[in-house]
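In what follows, a structure is listed as structure tokens, so that the remarks can point back to it.
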Amino acid sequence: MKSTRIFFLIALLFGSLFFIRCNTEDDITIPINPSTPTDVFNLDKVPEITLELTEEQWNLLLTNYDLNPKNETKVVAKYRYSLDGNTIELDSIGLKLRGNTSRRRPEGAIGQLHTSSNPDWHHCHFGVDFNKNIKTQRFQGLKKLNLKWFKDDATYVREIYCYDLFRRYGIWTAPRASYCRVSIKVEGDIAPAYYGVYVMLESVDEDFINYRKENWTQSIGFMWKGGWVGYQNADFVQTESIGVEEVDLNPSNSLYYTYDLKTRENELDGAKTQLISFINNLNSKTGSAFKTWISQQMDVDLFLKTYAVNIMVGMWDDYWVNANNFYFYMAPDGKVYFIPYDYDNTLGTSMLMPNSGTQNPLNWGPASGRPLITKILAIPEYQTKFKTYIKELADSNNDYFDATKSRNRIASWQFKIGPYISNDTGEDMLIEDKPAFWGNAPFYRLSSGNNFGGNSGPANYFSSRTSSIPW
């Protein structure tokens, strides 16, 4: 009996070592327990993710879209993640469609159910909720994960580039992102539908806060998402549209807010009071009183560095220009943090400004109505810092925004994902160096072009942006 126990322990030891291997610098470890936190957002890897649903659940996803395309109702699916010969499988996850103007039906036309013969697949964004039905279930420590297709980005790099630049420049408030390959398997079909290369993006939620707990207070504060609702936007001036969104299958019963509370939703009254107080102080304080207050309320340097990146990458659809598409976090200690988000329409894909590659960084958005940025930049000390951060990003000695180094990074990513681009949707089947067709600067390129900002033939966005800095 004793020898049997010894044999068992030896077998258990070797069985464990089988899963724990020494990695090269580029590898990541897939732990035995998929709830163990690790950084799965590795740009040197292109893992495979398969979402498996019964035909009933897939049809439910389709019909829910037909009832209300913006619905947040989740269906039940299985999740399989494969990398380097290792596989993690999770049952009973929640799956939903994501996106605002980019939200799409993943198969067929309105009213059609799944067909296993000649299905009409469509690219779309997915939201994965690992603990929707099993409260203790996690994937690599995450409760949720977003999967985004490269809508209107034939380069397959814009969003990846921006989040990588935030990371390089020490903007720890930015979400993590990397590549993956996505397939949909409807039970009963002969084979999965391959949806192609996607962005695997960190969800901005309580896990997002906990992952960064060493940078801010460890308990959970109030996370808000700012955006457009009707004719109101998240400008940090108006305070009429504040609440918790409720989006169900009946559009008439759905509630939307410019400031949408994402954590501690049952404490809306307290969260709303804190937000309104911040907005009122932001608008009413002036001079030295404002500087003292804002330096206590925010990490101003971090905010200015974030906005330096925003302007270099040509982000026109967030706070300063459009008062849209960003998160902000009000920590329990009273500090407020700006969280950049949604960077697919950047690097030359632009609207709402004449030319995002040559626009003066100090005149990026409206001169009034955006107090969070304009009042800070009106302080000479902070404007000087902001200019320094812009120059630091553009400096060719740094591996940030330099044209040659940026092109090299992009080339390495495109080489890695190139074999996986062709997919069963029949959409986005080529890697091409061009911005979105609907943008106002069709002349911008990322891997070629001159530095003249579109004034003389195709222009390189990186070169045009750096050469147009006026200081």
Side-chain angles (χ1 to χ4, degrees), residues 49 51 53 57-77 93-114 119-129 132 144-153 156 158-159 175 177 180 182-184 186 193 195-205 225-230 233-234 244-258 260 262 317-318 322 324-327 341-346 349 351 423-428 436-439:
I49 293 176
L51 304 170
L53 302 88
Q57 289 296 304
W58 182 253
N59 283 333
L60 184 59
L61 187 72
L62 300 178
T63 54
N64 286 347
Y65 178 91
D66 295 347
L67 291 170
N68 181 8
K70 294 184 178 181
N71 83 83
E72 297 291 310
T73 304
K74 297 168 185 173
V75 299
V76 180
I93 67 162
L95 181 69
K96 69 175 184 177
L97 302 177
R98 286 185 54 85
N100 188 11
T101 58
S102 60
R103 193 173 297 210
R104 303 174 80 200
R105 201 178 196 269
E107 182 192 355
I110 299 295
Q112 293 181 346
L113 298 179
H114 173 63
D120 180 22
W121 306 111
H122 306 148
H123 272 147
C124 62
H125 305 313
F126 295 104
V128 178
D129 187 341
K132 167 65 177 174
K144 296 178 181 179
L145 186 66
N146 296 328
L147 303 174
K148 296 187 65 176
W149 66 291
F150 285 86
K151 182 182 183 298
D152 298 331
D153 181 16
Y156 274 81
R158 282 181 165 83
E159 195 147 31
C180 67
V182 172
S183 294
I184 301 294
V186 179
Y195 268 54
V197 176
Y198 269 56
V199 178
M200 184 167 57
L201 179 64
E202 182 180 18
S203 178
V204 181
D205 53 19
K225 185 175 183 182
W228 273 91
V229 176
N233 54 17
V244 178
E245 279 192 356
E246 297 179 23
V247 187
D248 64 16
L249 298 176
N250 187 340
S252 63
N253 292 338
S254 297
L255 301 174
Y256 302 92
Y257 297 95
T258 296
D260 176 24
K262 294 297 186 181
D317 193 26
D318 76 335
N322 207 24
N324 184 43
N325 256 359
F326 63 92
Y327 286 84
Y341 188 75
D342 205 6
Y343 284 77
D344 46 358
N345 296 326
T346 53
T349 291
M351 292 284 285
N423 63 85
D424 291 336
T425 71
E427 304 167 333
D428 316 305
F437 70 93
W438 46 260

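Source: prediction; values computed, not measured. Residue indices begin at 1 and follow the sequence shown.
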Quick test of your reading of the model: are Glu427 and Arg104 salt-bridged, counting only N-O distances below 4.0 Å?
yes
Between Thr258 (side chain) and Ala234 (backbone), is there a donor-acceptor pair under 3.5 Å?
no
By salt bridge (charged side-chain N to carboxylate O under 4.0 Å, His left out), Asp342 pairs with (sequence neighbours left out) Lys148
Can a donor-acceptor pair be found between the side chains of Asp152 and Trp438 at a distance below 3.5 Å?
yes
Does the side chain of Asp153 reach to within under 4.5 Å of the side chain of Asp344, using non-hydrogen atoms?
no
With a 4.0 Å cut-off, would you call Lys144 and Asp205 a salt bridge?
no
Hey, can you tell me if Phe126 and Trp58 have their rings parallel, tilted or perpendicular (30° and 60° cut-offs)?
tilted
Taking atom NZ as the centre, does Lys70 end up with more than 12 heavy-atom neighbours from other residues, nucleotides or ligands that are less than 6.0 angstrom away?
no
Does Asn68 have any side chain to side chain donor-acceptor pair (under 3.5 Å) partners at least two apart in sequence or in another chain, and if so, which?
none
Looking at Tyr343, is its backbone amide N or carbonyl O close enough to the side chain of Glu159 to form a donor-acceptor pair, meaning the two atoms are under 3.5 Å apart?
yes
About how many Å separate CZ of Phe150 and CG of Asp428, when rounded to the nearest 0.5 Å?
10.0 Å
Asp318 side chain vs Phe326 backbone, donor-acceptor pair below 3.5 Å:
no
Would you confirm whether Glu72, through its side chain, and Val247, through its main-chain N or O, come within 3.5 Å as a donor-acceptor pair?
no
Min side-chain heavy-atom separation Leu145-Met200 under 4.5 Å:
yes
Rounded to the nearest 0.5 Å, how far apart are CG of Leu61 and OG1 of Thr73?
10.0 Å
Reported OG1-to-CD1 distance for the pair Thr63 and Ile110, which is rounded to 0.5 angstrom:
10.5 Å
Short side-chain to backbone donor-acceptor contact, Ser102 and Gly99, under 3.5 Å
no
Distance, nearest 0.5 Å, that separates SG of Cys180 from CD1 of Ile49
4.0 Å
Check for a donor-acceptor pair, side chain of His125 on one end and backbone N or O of Leu97 on the other, with a separation under 3.5 Å.
no
Could you tell me if the side chain of Tyr198 sits less than 4.5 Å from the side chain of His123, heavy atoms only?
yes
A quick test of your reading: do over 12 heavy atoms of other residues, nucleotides or ligands sit less than 6.0 Å from NZ of Lys132?
no
When you compare the side chains of Asp317 and Asn322, does any donor N or O come within less than 3.5 Å of an acceptor on the partner?
yes
Enter the distance from Glu246:CD to Leu255:CG here, rounded to the nearest 0.5 Å.
5.0 Å
Any Pro106 side-chain heavy atom under 4.5 Å of Tyr195 side chain:
yes
Is there a donor-acceptor contact under 3.5 Å linking the side chains of Trp121 and Asn423?
no
Separation of His114 NE2 from Ile184 CD1 (nearest 0.5 Å)
11.0 Å
Test: Arg105 and Asp66 ion pair at under 4.0 Å
yes
Show, in sequence, the C-alpha distance, side-chain angles and deciding distance for Asn71 and Leu249, and conclude whether the side-chain contact (heavy atoms from CB on, under 4.5 Å) test is met.
CA-CA 6 Å; Asn71 83 83; Leu249 298 176; 3.7 Å; yes
Please test Val128 against Leu147 for side-chain contact (heavy atoms from CB on, under 4.5 Å), starting from the C-alpha separation and ending with a verdict.
CA-CA 8 Å; Val128 178; Leu147 303 174; 4.0 Å; yes
Do Asp260 and Val229 have side-chain heavy atoms sitting under 4.5 Å apart?
no
Only residue of Arg98, Lys74, Lys96 satisfying salt bridge (Lys or Arg N to Asp or Glu O under 4.0 Å) with Asp129 is Lys74
